[in-house]
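A short worksheet on the structure shown next.
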Number of protein chains: 2
Amino acid sequence: MSERPLPRAERRRRTEGKILDAARVLFAEMGFERTTIRAVARAAEVDPALVMQYFGNKEELFRKAVRVTPVPDAGLDADQLVDHLLGTLTVKMGELPQGSLAMMRSMLTHPEAAASAREVLGRQIDRLAESIPGDDARLRAALMTTIMLGLTVGHHLLELDELRDAPQEEIARVLRPSLRALTGPEVS
Amino acid sequence: MSERPLPRAERRRRTEGKILDAARVLFAEMGFERTTIRAVARAAEVDPALVMQYFGNKEELFRKAVRVTPVPDAGLDADQLVDHLLGTLTVKMGELPQGSLAMMRSMLTHPEAAASAREVLGRQIDRLAESIPGDDARLRAALMTTIMLGLTVGHHLLELDELRDAPQEEIARVLRPSLRALTGPEVS
DNA sequence: TCGTTGAGTCAACGCCTGTTGAGCGAATGG
DNA sequence: CCATTCGCTCAACAGGCGTTGACTCAACGA
C-alpha cells in the first residue's frame, strides 16, 4: 500500500500509456468505427474527457495508437529475401505488434488507415523490387507483398482454421516455393 | 413521356432493385459502418423510411445486398485448378461482383461479414483440398486461397498501383508458378 | 506557506444515427 | 364506382456518439 505521491510527469506518462494500450487493443479487435472513446476510457479506467484532453480527437488517438513499426532493413540480394519475408512471418505469427494489427483491421474501411497501409506496402514493394531482376520486378515484388498480406489477413484477422492450426514453420516451409517462384524470371 | 401507371408489383420490384443497387455500391465503397441508411436512400432517390419498410433494418439490408455469388463448379483434378483460380481472377479483375466487393470491404470490421467471408473461403479451401494430394492438402489449399485473397484485397480494395497498372493476363502469368508450387508436394 | 499549475472528473451539448408511426394518394378489384 | 390495399413520404423519437467547458484538488515552485 505504498501510496507514494508519484510525480506529475511520471503520472502523465503512465496514464497516456494506459490509454494508448487500451486503444490499441480495441482498435485491433473492433476497428476504428466500432471502437468508441468511451470504451477506450473504460478499458483504461479513465474518464472519456481525459482521452480527449490527451489526444484532441479520435482520429489523433488512432494515429498515435497504431504507429506502425517502420519497415526495417533493406538491400538484401537475390533469394534470401524470401527467407527474410518468411522470417518476419515467424515473428508475426508469435506476436504481430498490436499497432500493426489495429492498422490492418481498419485498412479497408478507414481512409487514413488505408493510406497508411498503402504506404507501408508500397515501401515493402520498393524494397523487394530492388532485389529482383527483370522488367516486371515491381509486379513480382507486389505479388510477393500481397501474398504475405493475404496470409496475414487470413491468419490474424479472419483467423481461418487451417492457418491457425498449422505451426508457423510448416506454413513457411509450404509457402517458400511460391515466394521463390517470384524472385526472378525463371523461364521467359 | 409515357406515364403508364405501372403495375404495383412491377413498381415494387424496381424500387427494391434501386435500393439494393445503391446499397451495394455504397457498402462496397465505404463498408458497413460508414454507409448510412439515409445515404442509401438518397442514392436510390427514395425516402429513408422506405428502406426500412423494405428491409426491416440495416443488417438485413446488408445481408440482402451482399448475397455473394456461390462458389461454382467443383471436382477439378490436379493442376488445372490453378487455371481455374486464375480464370476467376480474370473475371474478377474485369467486374468483380459488387456484392462480393461489399462483403470483402467489411469483412475485417463487421462480424457477420467476417463470418460470411470465413464461410466462402472455407468452402473454397474444401474444394481445392479435394484436388490436392498429400497430408498437408488443406494447408496448401488454404495458402492458395489466401494468395488469391491477398491479391483481391491489394488490387480491388487497397488499389495498389503496381496491380492496377498491370494487365490481368500478366498478373496471371507471373502468379501462376506460385500457385502451381502449391498444388502438390513436389519434393518432400 | 501560498498562489499557480495541471491531471483528472462531471455534466452537459449538439449532432447524427437507426428506427417508428401516422398519414397521403394512387393503383386495385369486386 | 367505391372501399380497400399498399407504395411512399413526413416528422419525429430515443439513443449513442465525439466533444466541450466548468470545476476539484493534489503536486508544484518560489
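Heavy atoms only: backbone and side chains are in, while hydrogens, waters and symmetry mates are out. Chain A is the first sequence line, chain B the second, and so forth, proteins listed ahead of strands; every chain is numbered from 1.
The side chain to side chain contact (heavy atoms under 4.5 Å, CB included) search around B/Val25 returns B/Glu29, B/Gln98, not counting sequence neighbours. Judged as a side chain to side chain contact (heavy atoms under 4.5 Å, CB included), and not counting sequence neighbours, the contacts of A/Ala22 are A/Val40, A/Ala43, A/Ala44.
Side-chain N/O atoms of A/Arg12 include one lying less than 4.0 angstrom from OP1 or OP2 on C/dA7. The phosphate of C/dG8 has OP1 or OP2 within less than 4.0 Å of a side-chain N or O from A/Arg11. Distances shorter than 4.0 Å separate some side-chain N or O of A/Tyr54 from OP1 or OP2 on C/dG8. A close approach under 4.0 Å does not occur between any side-chain nitrogen or oxygen of B/Thr15 and OP1 or OP2 of D/dG7.
Straight-line distance from the CD atom of B/Glu10 to the P atom of D/dC8: 12 Å, rounded to whole Å. Remark: P of D/dT9 and CZ of B/Arg38 are 15 Å apart, rounded to the nearest angstrom. Note: CG (B/Asn57) to P (D/dA14) measures 20 Å, nearest angstrom. Nucleotide C/dC16 holds its C1' atom 13 Å from the CD1 atom of B/Ile37, rounded to whole Å. Nucleotide C/dG8 holds its P atom 13 Å from the CZ atom of A/Arg13, rounded to whole Å. For B/Gln53 and C/dG21, the CD to C1' distance is 11 Å, given to the nearest whole Å.
Residues from residues 40-52 of chain A that place a heavy atom under 4.0 Å from any atom of DNA chain D, listed by number: A/Ala49, A/Met52.
Residue side chain B/Arg8 reaches the base of C/dA27 through a donor-acceptor N/O pair under 3.5 Å, judged by distance alone.
Within the structure, ring-ring contact (aromatic ring centres under 6.0 Å, His included) pairs that include any residue of residues 117-149 of chain A do not occur (at least two apart or interchain). Judged as a side-chain hydrogen bond (donor to acceptor under 3.5 Å, both in side chains), the pairs with a partner in residues 17-28 of chain B (not counting sequence neighbours) are, in order, B/Asp21-B/Arg24.
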Between A/Arg14 and A/Glu10, is the side chain to side chain contact (heavy atoms under 4.5 Å, CB included) condition met? List the steps. CA-CA 6 Å; A/Arg14 290 198 194 179; A/Glu10 177 66 9; 2.9 Å; yes
Would you tabulate the side-chain donor-acceptor contacts of residues 48-59 of chain A under 3.5 Å, counting partners in other chains and residues two or more places apart, or write 'none'?
from: A/Asn57; atom 1: OD1; to: A/Glu59; atom 2: N; distance (Å): 3.4
from: A/Asn57; atom 1: OD1; to: A/Glu60; atom 2: N; distance (Å): 2.8
from: A/Lys58; atom 1: NZ; to: A/Phe32; atom 2: O; distance (Å): 2.9
from: A/Lys58; atom 1: NZ; to: A/Thr35; atom 2: O; distance (Å): 2.8
from: A/Glu59; atom 1: OE1; to: A/His110; atom 2: NE2; distance (Å): 3.3
from: A/Glu59; atom 1: OE2; to: A/His110; atom 2: NE2; distance (Å): 3.2

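Using a cutoff of 4.0 Å between basic side-chain nitrogens and carboxylate oxygens, A/Arg138 and B/Asp161 are not scored as salt-bridged.
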